[in-house]
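Every chain is numbered from 1 and lettered A, B, ... according to where its sequence line falls, protein lines coming before strand lines.
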Amino acid sequence: MILSREFYARPTLDVTRDLIGKVLVHDTPAGRTSGVIVEAEAYIGESDPACHAAPGPTARNAPLYGPPGVAYVYLNYGMHYLVNAVTELEGSPAAVLIRALEPLEGEPLMRRRRARGTRRRAASFDAFELCRGPGNLTRAMGITLQRNEFDLTTSALRIEDRRIPPRKVVWSRRIGINVGVEHEWRCYDPESRAVTRDRGEGRDKGEGTREKI
DNA sequence: AGAATGATCCTCT
DNA sequence: GAGGATCATTCTC
């Protein structure tokens with residue numbers, strides 16, 4: 001079942017949490033790829049300095065101001081496409097960045113896309129490595145700027161509820177930003193091997209989850 | 001363990 | 001013309 005527009009027309013943090021366990025699907029001439037969302041981040045409004053809407057409306061961030069349930073895709077660092085799902089009502093700029101997936105369909109195609117242009121062989125990729133990180137998952141799924149503003153409720157790029165058993169979720173600070181770091185708006189399944197490894201801030205908690213190999 | 005680096009290009013001032 | 005919601009690898013301490 002494809003997620004409805006109403007699903008996205010809610011507070012962004014609710015949508016972020018509820019997207020964990022849903023399935024991102026992309027159909028292309030090369031075939032279908034899909035994966036279970038296990039990590040996502042919320043970017044909320046012009047008052048969130050890390051949100052692309054922070055400077056006010058521009059040509060690039062226009063989709064954020066549009067209706068919910070639409071894809072916002074943009075190029076980051078000159079080489080990575082990042083995909084977001086626009087949330088909340090039209091005129092209220094907010095979105096959820098999809099950060100990691102567990103591959104479901106089209107894993108061989110994902111391997112080929114990830115290996116393309118590199119020295120690595122397609123077979124050398126670990127399954128959980130294919131869609132770990134927002135730039136990696138768009139590469140594996142063949143998502144480019146061309147998909148910007150696509151309707152996630154009807155198009156070849158969509159998010160479905162496939163009744164995957166509920167995932168455990170935890171919240172943390174967002175990754176890869178220097179402003180708005182105080183918000184714990186990153187939501188992920190701590191037991192998924194596809195989740196981005198936590199670099200950056202040292203852990204000050206007594207929760208010594210320092211992993212050894 | 002943490003910092004630096006390079007690939008690479010669209011968007012806004 | 002500067003600066004990114006990155007990633008993997010290579011450095012330095």
Side-chain angles (χ1 to χ4, degrees), chain A residues 12-13 15-16 19-20 24 37-66 70-88 93-101 110-111 113-122 124-149 171-188 193-205 208-213:
Chain A
T12 302
L13 293 178
V15 178
T16 304
L19 278 177
I20 305 299
L24 181 66
I37 299 170
V38 290
E39 181 183 1
E41 286 177 349
Y43 289 86
I44 310 175
E46 295 178 347
S47 59
D48 173 6
C51 180
H52 278 187
T58 65
R60 177 174 71 154
N61 67 25
L64 292 175
Y65 290 83
V70 167
Y72 172 48
V73 183
Y74 70 94
L75 179 70
N76 186 56
Y77 289 100
M79 64 200 77
H80 298 291
Y81 295 107
L82 271 55
V83 62
N84 302 249
V86 174
T87 60
E88 312 208 11
V96 178
L97 169 69
I98 310 298
R99 287 194 56 91
L101 311 171
M110 290 180 178
R111 292 177 180 283
R113 284 174 172 150
R114 285 294 307 277
R116 187 179 302 156
T118 75
R119 211 166 250 180
R120 273 184 81 171
R121 298 211 329 268
S124 74
F125 287 91
D126 181 275
F128 291 99
E129 176 189 359
L130 290 169
C131 298
R132 177 188 293 136
N136 287 337
L137 81 85
T138 54
R139 219 181 319 162
M141 296 196 69
I143 297 171
T144 68
L145 261 192
Q146 184 189 21
R147 294 308 195 199
N148 190 29
E149 300 193 86
W171 294 85
S172 76
R173 294 179 172 205
R174 295 174 292 184
I175 291 179
I177 56 173
N178 325 292
V179 290
V181 294
E182 66 276 14
H183 300 120
E184 299 208 328
W185 287 352
R186 169 177 175 245
C187 187
Y188 62 97
R193 287 188 54 215
V195 168
T196 317
R197 65 200 161 90
D198 224 329
R199 43 170 189 254
E201 306 292 315
R203 28 189 66 79
D204 48 354
K205 307 292 281 285
T209 48
R210 191 177 300 257
E211 288 189 44
K212 298 267 190 192
I213 299 256

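B/dC10 and C/dA8 have their C1' atoms separated by 23 Å, with the value rounded to a whole Å. Going from the P atom of B/dT8 to that of C/dG1 covers 23 Å, rounded to whole Å. Taking atom P in both C/dA5 and B/dT13, the straight-line distance is 14 Å, to the nearest Å.
One finds no salt bridge joining A/Arg132 and A/Asp126 here, because no Lys/Arg side-chain nitrogen approaches an Asp/Glu carboxylate oxygen to under 4.0 Å.
The nucleotide whose nearest atom lies closest to any side-chain atom of A/Ala59 is, among C/dA5, B/dT8, B/dC12, B/dC12. Closest to the side chain of A/Asn136, out of C/dA8, B/dC10, C/dT6, is C/dA8. Closest contact between the side chain of A/Arg60 and the listed nucleotides B/dA7, B/dC12, B/dC10 involves B/dC12. Nearest nucleotide to the A/His80 side chain, out of C/dC7, C/dA5, B/dC9: C/dC7.
Rounded to whole angstrom, the span from the CG atom of A/Asn148 across to the C1' atom of B/dC9 amounts to 16 Å. Rounded to an integer number of Å, the gap from A/Tyr77 OH to C/dC7 P is 10 Å.
Among the heavy atoms of the strands lying under 4.0 Å from A/Arg114 are primed sugar atoms or P, OP1, OP2 only; no base atom is included. Residue contacts shown for A/Gly78 include a base, since a base heavy atom lies under 4.0 Å away.
For A/Tyr43 and A/His52, the distance between ring centers is not under 6.0 angstrom.
Using modelled atom types and a 3.5 Å distance limit, the side chains of A/Tyr81 and A/Gln146 yield no donor-acceptor pair. Using modelled atom types, one finds a donor on one side chain and an acceptor on the other under 3.5 Å when comparing A/Glu39 with A/Thr196.
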